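Order of the sequence lines sets the chain letters (A, B, ...), proteins ahead of strands, with each chain counted from 1. No hydrogens, no waters, no symmetry mates; every other heavy atom, side chains included, goes into these values. Quick caveat, the model's predicted, so the values are computed rather than measured.
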Number of protein chains: 2
Amino acid sequence: MARHADPALPERRRSQILEAARECFRERGFRLSTIEEICAEARISPGALYRYFDSKADIIAAIALDARAEAEAMLERVNGSEGLIEGLAELARAFFETFDGDGDAALLADIWAEAARDPLLAKALLIRDQIAVGRLAAAIERAQRAGSIYPALPATEAAEALIAGLEGMALRRALRRENETSEAVRRYRSLALHILKPKR
Amino acid sequence: MARHADPALPERRRSQILEAARECFRERGFRLSTIEEICAEARISPGALYRYFDSKADIIAAIALDARAEAEAMLERVNGSEGLIEGLAELARAFFETFDGDGDAALLADIWAEAARDPLLAKALLIRDQIAVGRLAAAIERAQRAGSIYPALPATEAAEALIAGLEGMALRRALRRENETSEAVRRYRSLALHILKPKR
DNA sequence: ACCTGAACACCGTTCAAGT
DNA sequence: ACCTGAACACCGTTCAAGT
């Protein structure tokens, strides 16, 4: 008895649904998007959707984890690059742009609200977050040992502050419906400069 | 014809409902709290509730505005106090404590999610926020002129960064379900020190 | 003037029936 | 093995009827 007619199908269906959900959430947000709408967008029936996701919350959880994985990859690049400040500025630009426009800004807040209530999602996000903080802290220590920065705070604390600042700024931009990223990036860069105190 | 049997009744009903709603949101969060539960807690019927609030979202909007008004009052105290850093540390402690424990942490995120989607609430919060930033910036300028600090950034930018950092840290604490405020306050104080660079 | 609570509309989720 | 879509349960909101 063949277990899977097409072993790649489940993964394809999942991303098909996630794509549709992202589109809906972007337009109307998590609360106002209905399963029916997501199904219509994904060209699938409600019954089929629940074969691949446990609940509506489970869908936003998957989206949140994807976004974190992206942030992690960005930090990987920061760790690799020589100019720590430049890397951070690029990270900030990418982060602000990801959560830009009317829709995605709200998505960031939705993810947070969901995570604050769902312990499983919170735990999953936290693991990714710790990896991100760890990578940034490592990059800071490396630059510090190389003598190119003189951070104002211990590496881990500086990394935490930099990420908290980034997230706080992103949320404030969401509230203000700002679309212009350059000014925000400039401000973030300036904050990073004063936390990390590069030589020269 | 008497317009109001008791002119204070509407206000009393509103706070009675808000009190009940806060209690419910704290326990189960915005999404999972039902109007019926809020009504039971407030000892009032659904019909009566909708006489005082337009919708469920309208209730969280009122709670959000109350919280901002509190933050404003805290900043007023910071502006008054001589020790800017100490004032900020106290502000941070109060802020963290307000959004502490399992319930309220989520409430902060709920408010953000709601604001990101409801332009009217966003606008109302923004006005309050600008007042808060303005007050902090004024306090920074005053201390700067008095020669007690040498801020790393222009006053308004420093104020923005300090508030973004505070909000970012509060959300991260929410995700981690941290209850211990002292360590977070210490970290925030340290960040403020390095942004404001007080003399001595 | 203010309230009650049954009724309505809507939406997340399930499940019997199909291929 | 995978899907459909009608049915169910639940909850935000309204409104006719009461005092």
Side-chain angles (χ1 to χ4, degrees), chain A residues 1-25 27-63 110-111 113-114 117-118 120-121, chain B residues 1-25 27-63 110-111 113-114 117-118 120-121:
Chain A
M1 68 186 167
R3 284 295 180 85
H4 292 293
D6 176 0
L9 180 61
E11 203 41 57
R12 222 172 56 231
R13 281 277 183 277
R14 272 184 72 94
S15 56
Q16 173 186 356
I17 293 165
L18 285 179
E19 200 54 48
R22 247 187 285 261
E23 180 61 28
C24 290
F25 294 167
E27 269 171 40
R28 281 173 301 281
F30 181 67
R31 288 241 318 278
L32 271 52
S33 298
T34 70
I35 291 286
E36 204 182 346
E37 284 165 348
I38 297 170
C39 287
E41 182 78 27
R43 297 176 186 289
I44 210 174
S45 71
L49 185 146
Y50 279 90
R51 175 173 266 272
Y52 298 102
F53 291 93
D54 289 344
S55 65
K56 199 182 169 192
D58 193 28
I59 295 176
I60 206 177
I63 291 176
D110 276 333
I111 289 172
E114 200 52 39
R117 194 132 304 115
D118 176 348
L120 274 178
L121 175 57
Chain B
M1 63 183 168
R3 284 294 181 85
H4 291 293
D6 176 359
L9 180 61
E11 203 40 56
R12 222 171 56 230
R13 281 277 182 276
R14 272 184 71 92
S15 56
Q16 172 187 357
I17 293 164
L18 285 179
E19 200 54 47
R22 246 187 286 261
E23 180 61 28
C24 289
F25 293 166
E27 270 172 39
R28 278 173 302 281
F30 180 67
R31 288 237 321 277
L32 272 50
S33 297
T34 69
I35 292 286
E36 204 181 345
E37 284 166 348
I38 297 171
C39 288
E41 182 79 28
R43 297 176 186 288
I44 208 174
S45 72
L49 185 148
Y50 278 90
R51 176 172 266 272
Y52 299 101
F53 290 93
D54 289 344
S55 65
K56 199 182 166 191
D58 193 28
I59 295 175
I60 206 177
I63 291 176
D110 277 332
I111 288 172
E114 200 52 40
R117 194 132 303 115
D118 176 348
L120 274 177
L121 175 57

Query raised in the report: Given that A:Ala57 and B:Arg43 both sit by DNA chain C, which one's nearest nucleotide is further toward the 5' end?
Result: B:Arg43
Report task. Measure the distance from CG on A:Leu49 to C1' on D:dG5 and round it to the nearest whole Å. Result -> 14 Å
Query raised in the report: B:Glu11 CD to C:dA1 C1': how many Å, rounded?
Result: 18 Å
Report summary line: A:Ile59 atom CD1 is separated from C:dT13 atom C1', nearest whole Å, by 12 Å
Report task. Give a yes or no answer on whether the side chain of B:Lys56 reaches the backbone of B:Phe30 with a donor-acceptor pair at less than 3.5 Å. Result -> yes
Report summary line: Considering only heavy side-chain atoms of A:Ser45, the closest of D:dC3, C:dG5, D:dT13 is D:dC3
Query raised in the report: Partner of D:dC10 by Watson-Crick or G-U wobble geometry, both contacts under 3.5 Å, or none?
Result: none
Requested in this report: Give the nucleotide from the list C:dT13, D:dG12, C:dC3 with an atom nearest to the side chain of B:Ala48.
Outcome: C:dC3
Query raised in the report: Does C:dC15 have a Watson-Crick or wobble partner in any strand here, with both distances under 3.5 angstrom, and which is it?
Result: D:dG5
Requested in this report: Over all heavy atoms of both residues, which pair between A:Ala62 and A:Leu18 is shortest? Give the atoms and the distance, please.
Outcome: CB-CD2, 3.8 Å
Report summary line: From the candidates C:dC3, D:dC11, C:dC11, the one with an atom nearest any side-chain atom of B:Tyr52 is C:dC3
Query raised in the report: Which of these nucleotides, D:dC2, D:dG5, C:dC3, is closest to any side-chain atom of B:Arg13?
Result: C:dC3
Query raised in the report: What's the CD1-P distance between A:Ile35 and D:dT4, to the nearest Å?
Result: 15 Å
Query raised in the report: Counting distance only, does the side-chain N/O of B:Arg14 pair as donor-acceptor with the main-chain N or O of B:Tyr52 below 3.5 Å?
Result: yes
Report task. Taking all heavy atoms of B:Ser33 and all of B:Arg28, pick out the closest pair and write down the distance. Result -> OG-CB, 3.9 Å
Report task. In whole angstrom, give the distance that lies between atom CD1 of A:Ile38 and atom P of C:dC11. Result -> 12 Å
Report summary line: From the candidates D:dC11, D:dT4, C:dT4, the one with an atom nearest any side-chain atom of B:Ile44 is C:dT4
Report summary line: The residue, A:Gly47 or B:Leu9, whose nearest nucleotide of DNA chain C is more 5′ is B:Leu9
Requested in this report: Could you state the atom-to-atom distance from CD of B:Glu37 to P of D:dC10 in whole Å?
Outcome: 12 Å
Query raised in the report: OP1, OP2 of C:dA1 versus side-chain N and O of B:Arg51: anything below 4.0 Å?
Result: no
Query raised in the report: Taking OP1 and OP2 of C:dT14, is either one under 4.0 Å from a side-chain nitrogen or oxygen of A:Tyr50?
Result: no
Query raised in the report: Do you know the tightest heavy-atom contact between A:Asp110 and B:Ala113?
Result: OD1-CB, 3.6 Å
Query raised in the report: What integer distance in Å separates B:Arg12:CZ from C:dC2:C1'?
Result: 12 Å
Query - Separation of C:dC2 P from B:Ile17 CD1 (nearest whole Å) - result: 13 Å
Report summary line: Testing D:dC3, C:dT13, D:dT13 for proximity to the side chain of A:Lys56, the answer is C:dT13
